[in-house]
Amino acid sequence: MRSPSRRFLKAAGVGVGTLVLFGVVTGLIPNALYVRMVPRTPLDYLFLVLTAGFLGAYTLQRTADERDDGKAATASTAIGFLAFGCPICNAFLLALFSSSALMTYLNPIRPLLGGVSVVLFAGLLYTRSRSPCETCEPERDGSTT
């Protein structure tokens with residue numbers, strides 16, 4: 001089992017890395033590579049910080065025994081990305097839908113998507129914290145008293 005300090009460093013690296021990467025890619029962190037077409041809002045920054053923080057906490061809770069909750073974390077991250085990302089700057093969405101459809105239908109529900117992402121991540125972290133950790137508990141010899 002890894003030392004707690006390495007786990008905290010890895011979790012902090014994932015959180016900060018997510019914050020910087022997603023912030024640059026979505027234009028929430030101003031940069032010369034990307035120009036955001038939709039104005040930034042405080043909710044965009046809130047959902048960016050929460051998504052990065054939840055990914056860091058999820059990484060901190062990861063144990064050696066692989067649980068089948070990676071899909072929930074991936075879905076929460078993707079929904080969170082849609083919540084703070086620029087809807088008409090997303091090439092994948094733009095290829096599927098027109099920019100007017102994205103601004104008409106996706107842009108108004110972005111705060112709702114952010115809320116769904118936060119609730120999914122919070123539920124995932126809560127259920128992970130409530131489940132027993134086999135590697136954390138002391139070994140039992142199987143004898144009954």
Side-chain angles (χ1 to χ4, degrees), residues 1-140:
M1 190 162 112
R2 291 189 303 207
S3 68
S5 61
R6 278 190 70 175
R7 288 181 53 223
F8 282 110
L9 283 175
K10 183 178 178 181
V14 167
V16 170
T18 300
L19 183 76
V20 170
L21 178 68
F22 284 0
V24 168
V25 168
T26 60
L28 291 174
I29 297 175
N31 61 71
L33 300 174
Y34 180 80
V35 177
R36 188 177 172 97
M37 300 294 184
V38 175
R40 299 168 183 91
T41 66
L43 277 178
D44 293 334
Y45 288 103
L46 174 69
F47 292 135
L48 171 64
V49 169
L50 287 175
T51 300
F54 280 139
L55 275 174
Y58 175 77
T59 303
L60 183 64
Q61 283 187 344
R62 296 286 302 215
T63 59
D65 60 330
E66 291 297 321
R67 295 184 181 147
D68 192 27
D69 55 9
K71 292 179 185 176
T74 302
S76 298
T77 304
I79 293 170
F81 186 81
L82 289 175
F84 59 78
C86 174
I88 59 173
C89 303
N90 188 326
F92 180 72
L93 290 178
L94 202 54
L96 293 175
F97 309 104
S98 67
S99 62
S100 61
L102 290 172
M103 288 304 291
T104 303
Y105 300 111
L106 179 64
N107 196 41
I109 65 167
R110 283 180 34 225
L112 177 66
L113 291 174
V116 168
S117 172
V118 167
V119 167
L120 282 174
F121 252 132
L124 174 64
L125 294 176
Y126 177 76
T127 56
R128 287 180 66 90
S129 70
R130 304 302 290 167
S131 63
C133 175
E134 292 82 19
T135 59
C136 302
E137 294 178 3
E139 293 285 327
R140 299 195 178 164

| request: Sequence neighbours left out, what pairs pass side chain to side chain donor-acceptor pair (under 3.5 Å) with at least one residue falling in residues 30-42? | output: Arg36-Asp44, Thr41-Asp44

| note | On a heavy-atom basis, the closest approach of Ala11 and Gly56 is CB-O, 3.2 Å

| field | Selection residues 86-100 - residue pairs positive for salt bridge (charged side-chain N to carboxylate O under 4.0 Å, His left out), sequence neighbours left out | value | none

| message | How long is the straight-line distance from CG of Leu60 back to CG of Leu55, given to the nearest 0.5 Å? | response | 12.5 Å

| request: Mind listing the closest non-hydrogen atom pair of Gly114 and Phe47 along with its distance? | output: C-CE2, 3.5 Å

| Residue pairs, two or more places apart or on separate chains, that pass salt bridge (charged side-chain N to carboxylate O under 4.0 Å, His left out) and touch residues 13-33 | none

Pairs under 3.5 angstrom only: tabulate donor-acceptor contacts from the side chains of residues 16-30 to other protein residues two or more places apart or in another chain.
{"residue": "Thr18", "atom": "OG1", "partner": "Val14", "partner atom": "O", "Å": "2.7"}
{"residue": "Thr26", "atom": "OG1", "partner": "Phe22", "partner atom": "O", "Å": "2.6"}

| task | Return the set of residues passing side-chain contact (heavy atoms from CB on, under 4.5 Å) with Met103 (not counting sequence neighbours), or none when no residue passes. | result | Val38, Pro87, Ile88, Asn107

| request: Using the salt bridge (charged side-chain N to carboxylate O under 4.0 Å, His left out) rule, collect all pairs that involve residues 114-127, keeping only residues at least two apart or in two chains. | output: none

| field | Rounded distance (nearest 0.5 Å) linking atom CD1 of Ile79 with atom CZ of Arg110 | value | 14.5 Å

| query | Okay, side chain of Ser129, backbone of Tyr126: is any donor-acceptor separation there less than 3.5 Å? | reply | yes

| task | Just do the side chain to side chain contact (heavy atoms under 4.5 Å, CB included) check on Thr59 and Lys10 with the steps written out, would you? | result | CA-CA 7 Å; Thr59 303; Lys10 183 178 178 181; 4.0 Å; yes

| message | Taking atom OH as the centre, does Tyr105 end up with more than 12 heavy-atom neighbours from other residues, nucleotides or ligands that are less than 6.0 angstrom away? | response | no

| task | Would you indicate whether the side-chain heavy atoms of Leu125 and Gln61 approach each other to under 4.5 Å? | result | yes

| Taking atom OG of Ser99 and atom CG of Leu106, what is their separation to the nearest 0.5 Å? | 12.0 Å

| message | Please enumerate all residues that pass side-chain contact (heavy atoms from CB on, under 4.5 Å) together with Thr104, with sequence neighbours excluded. | response | none

| said: Side chains of Phe84 and Thr51, heavy atoms from C-beta outward: is any pair under 4.5 Å? | reply: yes

| Pairs satisfying side chain to side chain donor-acceptor pair (under 3.5 Å), at least one member in residues 71-82, at least two apart | none

| request: Apply ring pair (Phe, Tyr, Trp, His ring centres under 6.0 Å) to Phe54 and list each qualifying residue two or more places apart in sequence or on a separate chain. | output: Phe121

| field | Partner residues of Ser98 under the side chain to side chain donor-acceptor pair (under 3.5 Å) criterion, sequence neighbours left out | value | Ser100

